[in-house]
Amino acid sequence: MDNTSHIELSESALANNFQYIRERLAPGARLSHVVKGNAYGHGIDPFVPLAHKLGADHFSVFDVHEAEQVLKALSEPVDIIIMGMVAQEQLEWVIQKNIGYFVFDSKRLEQSVLLAKKLKKKAKVHIELETGMNRSGFEMENWPQISRFLIENAAYLDLQGLCTHFAGAESIANHLRVRQQIKNFRKGRALFKNANLKPKWSHAACSAAFLRFPKTHFDLVRIGILQYGFWPNMETYISIAGLEENPVDPLQRVINWKSRVMNVKKVHKGEYIGYGTSYLATQEMTVASVPVGYSHGFSRSLSNSGRALVRGMRVGVVGVVNMNVMMLDVSHLDHVEIGDEVVLIGRQGDQEISVSSFSEYSDQMNYELLTRLPLDIKRRVKTI
Ligand SMILES: *Cc1c(COP(=O)(O)O)cnc(C)c1O
């Protein structure tokens, strides 16, 4: 049975975004599509085949579970990189399946050699360098030792990548820190080169670095948020679009989220709406309840402030968002019926609810809202 809301992915929007990204990609550089967090909430299952249909042949995920989902979603082999967690007992499967993975500690490197020997199959490693984010990555002082280890074990380790991750390339406040990271990464590249190591791909850029620091494209970029049609933050958008009066956003939102009116009710002046006393009707009102609440990813912080579209009109959330239900003030609409379409993200008539409007009403950022959309909401693809 379908859930109380559904998510629709737009193929034409995705094609548009791919084109935008590909046009800006440094010549010869490859594009890895980041689909961690269930493809930023879009759903790995529908998103990966759709992206593949539009030419995507390289995916980056956070963990082994996601890598497995990508494999399952496709019938043809593609390149996959795991950028984060691989548990010790999962490593054998990863090597067996030809999946690349970030390595940021020497124990992992040693285990890779042991397993590669056992499986008679080279392990596809991406050596992550610590350049300033201080999350994961080999410290600079250990780079010479790592490079020696890689040379000595070249028979077992396929050096697929040399990589790093930036600590906030979307914000000018981090400019100096990111510049220093780029310098450090270049040092690492030089050191590896001098040691006669030839990583297949050097990679560092996420969406923000891709846009703001074109020099970071190197051989491969790891693009997440941008492909889904969102800017890493407003600052990045302004830095690209400029401050013209009516900039046209070159990206298109891929996701649409829709539900239906569950019930319609009159409320008298002086009555409270919903749990507690957070909303008092100061006039005669009509409220529509919608079967979507915080358990479905509609944050409770949107209580009395979120927006939705009904019958082509923008309406506001009244009262607190419940676990499974929210209520909308539809007093200003001529007519509302049970079963009317409710757009939570997307377009209806000439009105639109963007994901960023959520971040304006709540503290959630794009990334968070999207990835909190539950796995079991049905995803459909609207093909071109
Ligand atoms: C999430 C992630 C990316 C992609 O970031 P976006 O801002 O969504 O483009 C790239 N690299 C790593 C290591 C990541 O964790």
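Just follow the structure's listing: the first ligand is 1, and inside any ligand the first atom is 1. Each residue takes its place number in the sequence, starting with 1.
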Check: H33 ring centroid to F18 ring centroid under 6.0 Å
yes
Quick test: of every protein heavy atom, which one is nearest to atom 15 (O) of ligand 1, and how far off is it to 0.1 Å?
K36 NZ, 2.6 Å
Quick one: nearest non-hydrogen protein atom to atom 9 (O) of ligand 1, plus distance?
S207 OG, 2.5 Å
Short N or O distance, M83 and ligand 1, threshold 3.5 Å exclusive:
no
Students often mix this up, so state it plainly: with edges at 30° and 60°, are the rings of W231 and Y237 parallel, tilted or perpendicular?
tilted
Within less than 4.0 angstrom of ligand 1, does Y367 place any heavy atom?
yes
With heavy atoms only and a cut-off of under 4.0 Å, state how H165 meets ligand 1: side chain, backbone, both or neither.
side chain
Where ligand 1 meets Y40 - atom numbers and elements under 4.0 angstrom, heavy-atom basis
1 (C), 4 (C), 5 (O), 6 (P), 8 (O)
Check which hydrophobic residues are tied to L220 through side-chain heavy-atom contacts below 4.5 Å, counting indirect links as well, and list them.
W201
May I have the step-by-step check of salt bridge (charged side-chain N to carboxylate O under 4.0 Å, His left out) for R380 and E8, ending in yes or no?
CA-CA 5 Å; R380 299 183 195 138; E8 210 175 79; 5.2 Å; no
N or O pair under 3.5 Å between V34 and ligand 1:
no
For I345 and I255 the tightest heavy-atom approach is CG2-O, 3.9 Å
Check each atom of ligand 1 against the heavy atoms of R222 and keep those under 4.0 Å away; list them by number with element.
4 (C), 9 (O), 10 (C), 11 (N), 12 (C), 13 (C)
Do Y40 and F230 have their ring centres less than 6.0 Å from each other?
no
